[in-house]
Amino acid sequence: MKKLTRSTEFYIFLVFIALTIFIEIQSGQFFTSNNIVDMLRAMIVPGIFSIGVLMVLVSGGIDISFTAIALLSMYSATKILMIWNYEGNVIMAFIISGAIGLLLGLINASLIAFYNLPTIIVTLGTSSMFIGFMQGILHSRVISDIPKPMLEFSRAELFRVYNKELGVSSGLPVVFLILVALIIIAWFILRYTMLGRGIYALGGDRTAAERAGFNIIAIQFFIYSFVGLISGIAGMTRAIMMANVHPTNLMGMELTVIAAVVLGGTSITGGRGTITGTLLGVALITVLSNSLILMGIPTTWQKVFTGALIIIGTGLSAYQTMKEKNKVHGGMKLGKKGSKETQKNTTGSSAI
Amino acid sequence: MKLNQFKLINFANRDNNLFRLIIMLIAVFALMSTLRPSIFPKLDNFTSMAYQFPEYGVLAIAMMLSLLIGGVDLSIVGIANLSAILAAKLLIKFVPYDADPGYTLLMIGVAIIVALAIGALCGAFNGFIISKFGIPDILATLGSMQLFTGIAIVITKGRIVVGIPYMYSELGNAAIGGIIPVPLIIYTICAVLIGLLLNKTSFGIKLYMMGTNPTASRFSGINNAIMTIRSYMYGGILSAVAGLIMLARTNSAKADFGSSYILQTVLIGVLGGVNPSGGFGTVGGVTVAILILQFLSSGFNMFPSISNLIKDLIWGSALILVMVFNYYSNKRSEKAQISKRIAETTNS
């Protein structure tokens, strides 16, 4: 129990509960069946992204190119299907989009693993390359008549709930299962495989992981290509959910997703982070940004709220870490000076 | 003796970087001049370039300050827009359409001071949450970028702000002696001031030390928290300057102007030899990098077949290429140094 109350997930969970209760009191419409299904629906794409982001952050890196990968693979996969006049199973759309994503992820992976370049700057560069390639070379524009298999799949629902009071209904799309499957896969990798241990070890201390016999290059290759793969799948999921291909509509989501993952207790300097926390972080951000209207807050305030949430949320967990570190270092005769020392350590090491 | 040698090698390396950049600048210039001899090497072209680069040039210096201490400031554009919007709002509110020139000029001065103060405040806020709460710089500035942009959206309701006194943009777009544009002068002042700050003051030396090794700087009695706050605060002031230049150039202000500048300023920093993990980088290198980028971008504009959208692709590839190139050249110079030392020890 003590362990539970000290974990970040627990605090995020409390904040989440408090937020939902607050929204319920304000609007009286939060705990309605259709609103909950709407929230789950809104969580699908950020949820898929967040799994990749979690892996990257745990390994001590940062990837901001995943939305660009998603856009480019979703756009080119749809184009390929259209040229091909494909009419078969929708699985093919996901395979093509995922494969393109994997390929783009490999570009990131080789730059990061072979040249040991700072991950934020590499992915900043590649994301601009991918977007530039899509807009400048492929001349991307909105595709509203998507291929038939995709269109049919976009209507497939797991179930549908009706809200009799308001006379509205909401359905949970089948693509929700993709999120569930990816969560299980990532959970298994991180928890039960040597690769997962390696990802945590790499984020905790690169040199130590190397000395312990982990193949750093192979681990980094896996992480960044895996992120590419699931970004490709996330892009296709988005296209199917919207029933059109909009080449700009995921832009800017990368920052929110990273913030959500960090909010869920993942350390941006690496070595720490869980799937549960990540999903709670995503749920918190999704609920907050989708409930501003329910709370009666004008939409112009949305950015102020996300910004404040990122700063307060990450600030709380960063402050917590700092205090814990100080406790550990307290015995090292550093006294009060020590506290400032570790403080700089946390900010300094985050640069990479 | 050994210390002196070490310094010399260091100096040669740093100079080498600037030397390499200048060669690159000349090469780009020669290339563009031969490809477009009728337009590129003309005074008109240079004047228009001198109007274009200062706004992102000043931002690049701001970005450099954060890269020097191993951070990254994603909020610079947000600060620029917020301070420009506040300055514009202030001018619109207090300067009636038929105000006399003296009063207008006074209010412009006040608006500039307010904008700079807002920039300083925003930057200090960044530095404060980074150093006092231990929020990683990327996240802190990511959050504050949203926050500043969000405040700007709330103030403007997402709309464009127009109708600032004509005199402001006239002043901002003037050219002294008909040749030297005011933005260029502003850029030069900023570059010289930051150059002096980094090279001639104890603050600058401490900043480089902290960027190289925060733990060592802490133990040599430097207050890292104050240093971080000050460096981000200067970055904020520079961002506000860039915002004021943008306000003059476009004669308007909006919450989402210039969002592509973030990537561009990182690219300039890396191209100009700033080490993204902190500790290395000079204003000189950054200035030459800005010029290279401006020459390339103006040059591309002279080819109608290259669309603006491809530019993203070009900048992204350039960033990656420069980093890979730096990787190989660092490796080579390391090897050269090691073999030199081996030769020295065997000789003695």
Side-chain angles (χ1 to χ4, degrees), chain A residues 62 107 111 115-118 120-122 124-137 139 255-256 258-259 262 267-269 298 300-316 318-319 321-322 325 337 340-352, chain B residues 69-72 74 129-140 142-151 153-154 157-158 210 213-215 217-219 223-225 228 255 260 262-263 266-267 270 276-278 306-320 323-324 327:
Chain A
I62 191 164
I107 297 177
L111 286 168
Y115 297 109
N116 199 10
L117 300 174
I120 181 168
I121 300 189
V122 168
L124 196 66
T126 51
S127 88
S128 159
M129 276 167 73
F130 299 154
I131 296 290
F133 184 80
M134 184 178 71
Q135 297 182 331
I137 310 270
H139 301 289
L255 305 181
T256 336
I258 292 172
V262 175
S267 154
I268 202 165
T269 49
T300 42
W301 282 84
Q302 185 169 353
K303 276 209 168 173
V304 177
F305 270 82
T306 19
L309 187 73
I310 293 170
I311 291 173
I312 295 167
T314 53
L316 282 179
Y319 196 67
T321 324
M322 217 165 75
K325 271 198 179 169
K337 278 181 186 172
K340 280 181 184 167
E341 164 55 24
T342 45
Q343 192 172 308
K344 184 52 219 170
N345 264 346
T346 41
T347 52
S349 51
S350 64
I352 303 115
Chain B
I69 55 170
V72 62
L74 301 174
I129 56 174
I130 290 168
S131 59
K132 294 287 181 194
F133 286 91
I135 308 180
D137 39 64
I138 302 170
L139 273 173
L142 178 82
S144 64
M145 171 183 83
Q146 300 263 358
L147 191 66
F148 301 150
T149 315
I151 294 171
I153 291 177
V154 171
K157 298 188 180 65
M210 191 177 99
N213 188 339
T215 316
S217 83
R218 168 72 225 141
F219 278 97
N223 188 341
N224 284 348
T228 309
S260 65
I262 296 175
L263 172 75
V266 175
L267 167 63
V270 175
S277 8
I306 299 179
S307 84
N308 252 339
L309 299 168
I310 298 186
K311 271 192 191 164
D312 272 346
L313 179 62
I314 294 170
W315 296 149
S317 327
L319 178 61
I320 303 285
M323 293 220 295
V324 172
Y327 171 81

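Quick note: numbers below take in every heavy atom, side chains included, and nothing from hydrogens, waters or symmetry partners. Each chain gets a letter, A, B and so on, in the order its sequence line appears, and its residues count up from 1.
Only the side chain of Leu111(A) comes within contact range of chain B, judged by heavy atoms closer than 4.5 Å. Using a 4.5 Å cut-off between heavy atoms, Leu147(B) contacts chain A through both its backbone and its side chain. Contact of Val122(A) with chain B is made through backbone and side chain together, with heavy-atom distances under 4.5 Å.
Remark: the Asn224(B) side chain and the Ser131(B) side chain contain no N/O donor-acceptor pair separated by less than 3.5 Å.
Judged by distance alone, with hydrogens and angles left aside, the side-chain atoms of Thr306(A) form a donor-acceptor pair with the main-chain N or O of Gln302(A) at under 3.5 Å.
Residues passing the ring pair (Phe, Tyr, Trp, His ring centres under 6.0 Å) test with Tyr115(A), sequence neighbours excluded: Tyr327(B), Tyr328(B). Considering only residues two or more places apart in sequence or on other chains, Asn116(A) meets the side chain to side chain contact (heavy atoms under 4.5 Å, CB included) condition with Arg206(A).
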